[in-house]
Structures are given as structure tokens and as C-alpha cells.
Amino acid sequence: MMETIIRIEDLKKDYNSVQKKVEVLKGINLEVKEGEFISIMGPSGSGKSTLLYLMGGLEIPTSGRIQIENQDISMMNDKKQSSMRLNSIGFVFQFYNLVEHLNVEDNILLPIMINGGKKKDYMAKLRDLLDKVGLSNKNESYPRELSGGEQQRVSIARALINSPKIILADEPIGNLDSKTGKEIMELFRDINKTMGTSIIQVTHSLDSAQYGTRIVNVKDGILS
Ligand code: ADP
Ligand code: MG
């Protein structure tokens, strides 16, 4: 029996503007087991990104509960929360979010540097990851010298540098052509299978959703 790695209970999220209250998520329940690869689908504006950011502690719920590895996010102090974000979760975004003036290596090592770690302690890990994402010969390139697919590979390696148990990816192939998108999805599938990393991706495309082991749909604020 696989362990539950994320447990979401009756999660609600409203946004309040001067004009009106928008109820985006109206009671989400979801249990993610270790090693699952979940694809979240749903219409534009349905709250997919909001749900993903809530899971990663980047947004605060209006009500409800989110547990990561049996710990309630809302019960963690700021220090515990940032350590959880840094060590348990890797983020991958649609537009890569790389630092332009850092080369591939230093972009991948950024989460280590932020945490006060030493580059030399991570050189073996870095080499493994460069090999895994197929960028061993581009370790000193800068983001502007890379294709979109290569930039996303860098961001995936960065997400993996702390060996997180969970990867949260928001439309990771939304900005890529279909052939490159397919290669990136194959990389995610390989990471999920060989490293056992749980992956939760948001996607528009049924083709890419099918790389997951389970598809859930957000519609009218709930999951089906
Ligand atoms: P999706 O990723 O499914 O396209 P989002 O989660 O980005 O949807 O957004 C869901 C809804 O919440 C949208 O109506 C959006 O306008 C609204 N929303 C998202 N973020 C904010 C915010 N920071 N303030 C106000 N409204 C927001
Ligand atoms: Mg979105």
C-alpha cells in the first residue's frame, strides 16, 4: 500500500475584489499517493493553477486542509513552510522561470545556493541530473542560448536538485511545439517511473494528460 503524500480536504479558495467575491474552489478533496502522476485538467479560469499553488503553499486557502507528508501546511510556521517548499516540492512553470544571467549549472543549483549549500557538495548530483535531462554538454550555456525545450529541461533539473518527493508542474509544455512537448512529457514519465517522484501537472491537452497515471477534472469549483 503506497503512502499518501498529499491530502486535500474540503479545500476552498475565494478571491475578493472590491466589486465582488469570486469563489474559485468550492470544496476540493484529493488524495495523492506516493509515486502517482496526476494530470489536472479543466477549462481556462477554472482554478487549476490556484489548486496547484495551494498544494505548494504558494497561496493560502480560504478554508479546508492541505497535508504534505502528513503535515498540515497551515500549521507550519514560515520557516517550516519555506523548508517544505525547498525540500519536499519542486516547481516547474510554463515559462521556465530561469535566471537569465546564470548559466545552466548555476540555474540548477540555485535552490542549493538559496539554502546556503555548497556547490561542491552537489557536483555529482548535478552531473546525474544533467545526464538525466540530456544537457550534459550544455552545462555552461545561458538560457538565451537554449531552445524552449532545453530551458524547460533546465527547470526540471532545478526542480529535482533537492530530491523532492513531489513535482508540481503548471502547463509545463504549454509554450512548446508538440514534438518537443512530447519529449518533455516522456522525461516526466521517466522521472516518475525511475525516481518514484510524485508528479502533479496542470494541462490543457488530453495527449499530455495521458502520460499521467490518473486524470482529474476541475469544473465549477470541484473535482470530478
Ligand atoms: P486556471 O489555471 O484554471 O486557468 P486560475 O487558477 O489561474 O485558473 O484562476 C482561477 C480564477 O481565479 C480566475 O477567474 C482568475 O481570474 C481568478 N484569480 C486567480 N488568481 C487571482 C488573484 N490573485 N486575484 C484575483 N483573482 C484571481
Ligand atoms: Mg493556469
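As the structure lists them, so they are numbered: ligands from 1, and atoms in each ligand from 1. Note that this is a predicted model, so its numbers are computed, not measured.
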> Using a 3.5 Å distance criterion without hydrogens, assess whether the side chain of T194 forms a donor-acceptor pair with backbone atoms of D190.
yes
> Is a donor from one side chain sitting under 3.5 angstrom from an acceptor on the other, for E69 and S88?
yes
> Atom 19 (C) of ligand 1: which protein heavy atom is closest, and how many Å away?
Y15 CE1, 3.4 Å
> To which protein heavy atom is atom 8 (O) of ligand 1 closest, and what is the distance rounded to 0.1 Å?
G47 N, 3.2 Å
> Does any N, O or S atom in S44 come within less than 2.8 Å of the Mg ion (ligand 2)?
no
> Which residue holds the protein heavy atom closest to atom 10 (C) of ligand 1, what is that atom called, and what is the gap in Å?
G45 O, 3.3 Å
> For a quick check under 3.5 Å, do S49 and D170 share a side-chain donor-acceptor pair by atom type?
yes
> Could you go through I166 and L168, starting from their C-alpha distance and side-chain angles, then the distance that decides it, and tell me whether this counts as side chain to side chain contact (heavy atoms under 4.5 Å, CB included)?
CA-CA 7 Å; I166 303 163; L168 301 178; 3.8 Å; yes
> Can a non-hydrogen atom of S46 be found less than 4.0 Å from any atom of ligand 1?
yes
> One thing to verify: whether E100 and R144 come together as a salt bridge, which I'm taking to mean a side-chain N less than 4.0 angstrom from a carboxylate O.
no
> Compute the minimum heavy-atom distance from V24 to ligand 1 and say whether it is under 4.0 Å.
yes
> Taking it one step at a time, do K119 and E105 satisfy salt bridge (Lys or Arg N to Asp or Glu O under 4.0 Å)?
CA-CA 10 Å; K119 193 168 170 171; E105 262 185 37; 3.7 Å; yes
> At what distance is the nearest protein heavy atom to atom 7 (O) of ligand 1, and which residue and atom is it?
S49 CB, 3.8 Å
> Would you say atom 16 (O) of ligand 1 makes contact with the protein, given that contact here means a non-hydrogen protein atom less than 4.0 Å away?
no
> Could you verify whether a donor N or O on one side chain and an acceptor N or O on the other, from S39 and T203, lie under 3.5 Å apart?
no
> Taking N or O atoms only and a 3.5 Å limit, does V22 qualify as a polar contact for ligand 1?
no
> When you look at E3 and K33, which way does the salt bridge (Lys or Arg N to Asp or Glu O under 4.0 Å) test go after all the steps?
CA-CA 6 Å; E3 295 272 332; K33 301 281 185 196; over 6 Å; no
> Hey, does S17 sit under 4.0 Å from ligand 1 if you only count heavy atoms?
no
> Is it true that R214 and E36 have a side-chain N and a carboxylate O under 4.0 angstrom from each other?
yes
> Would you mind listing which atoms of ligand 1 come within a distance below 4.0 Å of any non-hydrogen atom of P43?
3 (O)
> Can you list the atoms of ligand 1 that are under 4.0 Å from a heavy atom of S44?
4 (O)
> Which one holds for T50 and ligand 1: side chain close, backbone close, both close, or neither close, with close meaning a heavy atom under 4.0 Å?
both
